Novice: 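Input: one structure, supplied below.
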Protein chains: 2
Amino acid sequence: MAAKRSSAQSNRSQRKNVSLQSVQEPHGDPPLSLDRIVATAVELLDAEGVDGLKMRRLADRLGAGAMSLYWHVDNKEEVFDLALDAVLEYRGPLQADEPEDWRSDVVHLLQDWRASMLRHPWSASLLSRRALGPNILNRLELLGKILSRAGVADADLNVAIWSLWNYVMGATITRASFGLSDDDQAAAQQRLTRLSEHYPTIERSRLLLDSDWDGTFRKGLDFLLDGLSPGQNSGSR
Amino acid sequence: MAAKRSSAQSNRSQRKNVSLQSVQEPHGDPPLSLDRIVATAVELLDAEGVDGLKMRRLADRLGAGAMSLYWHVDNKEEVFDLALDAVLEYRGPLQADEPEDWRSDVVHLLQDWRASMLRHPWSASLLSRRALGPNILNRLELLGKILSRAGVADADLNVAIWSLWNYVMGATITRASFGLSDDDQAAAQQRLTRLSEHYPTIERSRLLLDSDWDGTFRKGLDFLLDGLSPGQNSGSR
DNA sequence: AATTTAATCGTACAGCGTACGAGTCAATCT
DNA sequence: AGATTGACTCGTACGCTGTACGATTAAATT
């Protein structure tokens, strides 16, 4: 009889066991595990994008049957969530000794997020598609903690968190939507040039052509941080 | 023989003809038209979200066969594009008489975009999903035109356009991802309260609970506009 | 009257996520 | 030792999707 249980909690607890048991078979058919599934999912997402991740193809890459995945994972959505979580980890410095350096902490954190999302462009569009859950909240909490420790008043924390988060999300999503076909860099550049021709202001500002994305991102971020600097604006409005 | 032509250009030219010919039948089976298709698609998207728009369901609502849509439209993607375009029209004031009022022009424009996207939450996530095309460029051009006319130097235009666009996109996408299940407002509030409990900083800042979304949006926007104000920063860096 | 064009729809197909149940193998318990 | 259990894998099957194709009809044009 032996029907499968998948309460999404029992699965998680088995992960460690399996991954400890046998990690590096020479090759051939290593056993399935949540870790391996997630890692391969990230690979596949990097290579083929959000629409390229199909359960069957993921199983093929793992050398497993399609339905075997459903023992470790409830459904495809969970694969997305796990892949997101695996990719968006912040491992940078957490707090400068001097509270005055709060800016550099925040900038580091946000630049790191941005870099991670751009390294895996699907993550940005996934983050914007899914309703807010632990994935997002963990990051908001971390950002808030840094801001708070840096001296941002509780009354301003709400605005500070949202402003910065929104800006980073928007900048990353927009930027990510450009590099969709990096296959042919020259052709992409030519396409942008052709597009620009019909939009005088865009062309004049060279908006699409020689955008220094990192620099532009940094400048807008600085404007926000100027406004949010502790002591600059106290109280509410 | 009579195979169908659909060069995506001949279709567009027939739209006006059809829509003029007969707009308001009492009811029953009004003839298909691009206008009717797009309008119904927007309805369906509003009601069911991005994943709720299926060609068959759209055809059902129109009282037509599923395949009839493909005479007016090349594929489903085009339905998305047309719906986006139909929704994101700016009809606000275009330029204040005094160039000093540039801020109010910009704020009006951006708030209008934000309101449109929030009225149709699918639009935000669609905008972020599609590579940049006329949909986005038309809007960037308008924003740039307003900024330029307001006195922003050409050298600063690039940063100004991107900063504002990114901020609006991020704020709207984030906000939109909250109101996904507006069915039960009380339950949603309770869910947020429960979520907040595990995140001290989020809870302390009441990030999820009584966010004044419009006010928060406006404040971050003001910070950006402060930094971008003409005369504030000239040259590049 | 003959022929072309615009428009609609029924059928069909490949691909998707996944429910279901049957199978394997090792550990555990009499 | 024999029986039983639970973890895990996989083949088949189902319903749903977007859409290619061809037949059909109605209107416009010649």
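Order of the sequence lines fixes the chain letters, A, B, ..., with proteins taken first and strands second; residue numbering starts at 1 for each chain. The basis for the numbers below is simple: all heavy atoms, side chains too, and nothing from hydrogens, waters or symmetry mates. Since the model is a prediction, treat every value here as computed from it, not as a measurement.
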Novice: Check the distance between dT19(D)'s C1' and E78(B)'s CD and give it to me in whole angstrom.
Specialist: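 For the pair E78(B) CD and dT19(D) C1', the rounded distance is 14 Å.
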Novice: Calculate, to the nearest 0.5 Å, the distance between atoms CH2 and CG belonging to W213(A) and N158(B) respectively.
Specialist: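 Answer for the CH2-CG pair, W213(A) versus N158(B), is 7.5 Å.
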Novice: Calculate, to the nearest 0.5 Å, the distance between atoms CH2 and CG belonging to W113(A) and L118(A) respectively.
Specialist: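 Atom-to-atom, W113(A):CH2 and L118(A):CG are 14.5 Å apart.
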Novice: From C-beta outward on Y70(A), which listed nucleotide comes closest to its side chain: dT9(D), dG17(C), dA19(C)?
Specialist: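 Comparing dT9(D), dG17(C), dA19(C) against the side chain of Y70(A), the answer is dG17(C).
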Novice: How long is the line joining CG of L62(B) and P of dA7(C), in whole Å?
Specialist: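 It is 15 Å, rounded to the nearest whole Å.
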Novice: Please compare K54(B) and G65(A) by the position of their nearest nucleotide in DNA chain D and report the one closer to 5'.
Specialist: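 Closer to the 5' end of DNA chain D: G65(A).
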Novice: Could R57(B) and E48(B) be called an ion pair, given the rule that one side-chain N must be under 4.0 Å from one carboxylate O?
Specialist: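 The answer is yes: the pair qualifies as a salt bridge.
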Novice: Using a 4.0 Å heavy-atom cut-off across all strands, classify L53(A) as base, sugar-phosphate, or nothing.
Specialist: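 L53(A): backbone/sugar contact only, no base atoms under 4.0 Å.
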Novice: Let's see if you can work this out: which of dG17(C), dA7(C), dC9(C) has an atom nearest to the side-chain heavy atoms of S68(B)?
Specialist: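 Selected nucleotide (nearest to the side chain): dC9(C).
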Novice: Answer yes or no: is there an ion pair linking D212(B) with R206(B), defined by an N-O contact shorter than 4.0 Å?
Specialist: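 Looking at D212(B) and R206(B), the cut-off is not met.
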Novice: Do the side chain of R56(A) and the base of dG15(C) come within less than 3.5 angstrom through a donor-acceptor pair of N or O atoms?
Specialist: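 Result: no qualifying N/O pair found.
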Novice: Does dA6(C) have its OP1 or OP2 closer than 4.0 Å to a side-chain nitrogen or oxygen of H72(B)?
Specialist: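 Result: no.
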Novice: In whole Å, what is the span from the CG atom of L69(A) to the P atom of dC16(C)?
Specialist: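 These atoms are roughly 14 Å apart.
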Novice: Provide, to the nearest angstrom, the distance between the CE atom belonging to M55(A) and the C1' atom belonging to dA13(D).
Specialist: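 In whole Å, dA13(D) C1' and M55(A) CE are 17 Å from each other.
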Novice: Figure out the CZ/P separation between F80(B) and dT19(D), and round it to whole Å.
Specialist: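 Result: 10 Å.
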Novice: In whole Å, what is the span from the CG atom of L34(B) to the P atom of dT8(C)?
Specialist: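 My rounded result for the distance is 11 Å.
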Novice: Over how many whole Å does the gap from M67(B) atom CE to dC13(C) atom P extend?
Specialist: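 So the CE-P distance, M67(B) to dC13(C), works out to 15 Å.
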Novice: Donor-acceptor pair, distance only, cut-off 3.5 Å: does the side chain of R36(B) make one with the backbone of L62(B)?
Specialist: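 The answer is yes, because a donor-acceptor pair under 3.5 Å joins these two groups.
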Novice: Please determine, for the side chain of W71(B), which listed nucleotide (dC10(D), dT18(C), dT8(C)) has the closest atom?
Specialist: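 Between dC10(D), dT18(C), dT8(C), the one nearest the side chain of W71(B) would be dT8(C).
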Novice: Any idea which of dA7(C), dT17(D), dT18(C) is nearest the K76(B) side chain?
Specialist: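 Nucleotide nearest to K76(B)'s side chain: dT17(D).
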Novice: How close or far is atom C1' of dC10(D) from atom CG of L58(A), stated in whole angstroms?
Specialist: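 It is 15 Å, rounded to the nearest whole Å.
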